[in-house]
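The structure appears below as structure tokens.
What you are looking at is a predicted structure, and each value in this text was computed from that prediction instead of being measured. This chain uses plain numbering: 1 for the first residue, then up along the sequence.
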Amino acid sequence: MGTRSTYRIIEKQGDTETPLCLIYMQYDGYLTGHPTDVANWLAGGKVVNGFNATDKESLVFNGAGCLAARLISFLKQDTIGNCYIETLDSRGHCGEDYTYDIIVNRKVSEDYKEEFSITMIAYDEDNCELFAGSPSAFANNYSNLKV
């Protein structure tokens, strides 16, 4: 039996959080499994609003929706099974051992400049928070624990 998990992608501006999608993973969802791979991958990217030709040569996400689509592609890797898209209200009803939130934080300064950051939060099956921080902090925290 696999270690089931879900990723919820959330767009956040100020106090407003908008969940965009839910990705269900059937196996390897423990902290040192694919979530560490996801954290390493996210740590190598950046979120923008608008992009140019040079951005296509690196890992750039044109907003939270682009990040969600690229994450699905990253997790699916052209294989059958394991990675599924579920409805947002099915979170907690997929037999998950772990749930993860990937939050794309958007801040707009007084001079209308946008700043983006990504936060990862990990919860156990009882919805107790195990980790909250940047993808690079998640990767640093759990990569060394891989067996």
Side-chain angles (χ1 to χ4, degrees), residues 1-51 54-108 114-147:
M1 186 147 157
T3 304
R4 298 174 182 187
S5 62
T6 53
Y7 291 92
R8 183 173 53 176
I9 314 305
I10 300 169
E11 187 173 41
K12 181 177 181 182
Q13 184 173 347
D15 293 333
T16 303
E17 291 188 356
T18 307
L20 300 179
C21 73
L22 187 73
I23 304 167
Y24 166 70
M25 299 294 289
Q26 194 161 0
Y27 53 85
D28 294 342
Y30 42 87
L31 295 163
T32 58
H34 55 70
T36 299
D37 297 333
V38 167
N40 275 311
W41 179 73
L42 287 171
K46 69 176 181 174
V47 181
V48 298
N49 182 7
F51 60 94
T54 60
D55 288 332
K56 293 179 182 180
E57 298 171 13
S58 57
L59 184 59
V60 176
F61 310 108
N62 191 26
C66 181
L67 184 148
R70 292 192 75 175
L71 177 60
I72 292 164
S73 177
F74 176 80
L75 291 168
K76 194 65 180 163
Q77 298 182 5
D78 293 328
T79 60
I80 192 169
N82 189 31
C83 180
Y84 303 88
I85 303 302
E86 296 289 338
T87 61
L88 288 165
D89 62 355
S90 63
R91 178 161 169 138
H93 303 288
C94 296
E96 301 103 308
D97 298 293
Y98 297 94
T99 55
Y100 300 94
D101 285 338
I102 297 174
I103 303 169
V104 177
N105 305 291
R106 178 178 177 253
K107 293 181 183 178
V108 180
E114 292 179 303
E115 294 180 19
F116 294 91
S117 64
I118 300 171
T119 302
M120 281 187 73
I121 305 176
Y123 305 91
D124 67 12
E125 62 188 11
D126 296 320
N127 207 33
C128 293
E129 188 176 292
L130 303 172
F131 175 87
S134 69
S136 59
F138 186 100
N140 289 337
N141 210 27
Y142 296 105
S143 290
N144 297 331
L145 301 177
K146 285 197 172 197
V147 202

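- Paired with I9 under the rule side-chain contact (heavy atoms from CB on, under 4.5 Å), one option of I103, L22, L67, T18 passes, and it is L67.
- The main-chain N or O of G29 is found under 3.5 Å from a side-chain atom of Y100 such that the two form a donor-acceptor pair.
- Atoms NZ and SG, on K76 and C83 in that order, are 5.5 Å from each other to the nearest 0.5 Å.
- To the nearest 0.5 Å, the span separating CG on L75 from CG on L71 amounts to 4.5 Å.
- D124 contributes no side-chain N or O that, together with a main-chain N or O of L130, makes up a donor-acceptor pair within less than 3.5 Å.
- Between the N62 side chain and the G50 main chain, a donor and an acceptor come within less than 3.5 Å of each other.
- A distance of 4.0 Å separates CE of M25 from CG of N82, quoted to the nearest 0.5 Å.
- Taking the six-membered ring wherever Trp is involved, the centroid distance between the rings of F74 and H34 does not fall below 6.0 Å.
- Atom CD of E129 is surrounded by more than 12 heavy atoms from other residues, nucleotides or ligands within 6.0 Å.
- To the nearest 0.5 Å, atom OG1 of residue T32 and atom CG of residue D37 are 9.5 Å apart.
- M120 has its side chain within reach of L42: a pair of non-hydrogen atoms, C-beta onward, lies under 4.5 Å apart.
- Crowding of D15 atom CG: a count of heavy atoms from other residues, nucleotides or ligands under 6.0 Å not exceeding 12.
- Here the shortest heavy-atom pairing between D97 and G2 reads OD2-O, 3.9 Å.
- Using cut-offs of 30° and 60° for the angle between ring planes, the F138 and Y142 rings count as tilted.
- The nearest pair of heavy atoms linking C21 to A68 is SG-CB, 3.9 Å.
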Report the C-alpha separation of D101 and R91 in whole Å, then their side-chain angles, then the decisive distance to 0.1 Å, and conclude whether the salt bridge (charged side-chain N to carboxylate O under 4.0 Å, His left out) test is met.
-> CA-CA 11 Å; D101 285 338; R91 178 161 169 138; 2.9 Å; yes

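- By the 4.0 Å N-to-carboxylate-O rule, E11 lies too far from R106 to be salt-bridged with it.
- Between N105 and S117, the side chains place a donor N or O and an acceptor N or O closer than 3.5 Å (distance only, hydrogens not considered).
- One finds no salt bridge joining R4 and D28 here, because no Lys/Arg side-chain nitrogen approaches an Asp/Glu carboxylate oxygen to under 4.0 Å.
- In this structure, OH on Y98 lies 7.0 Å from OG1 on T3, to the nearest 0.5 angstrom.
- Two residues are said to be in side-chain contact when any heavy atoms from C-beta on lie closer than 4.5 Å; I85 and I72 meet this criterion.
- Side chains of N49 and E114: a donor on one and an acceptor on the other come within 3.5 Å.
- Here the OG-CD distance, from S5 to E125, works out to 12.5 Å after rounding to the nearest 0.5 Å.
- One N or O on the side chain of N140 and one on the backbone of S136 form a donor-acceptor pair closer than 3.5 Å.
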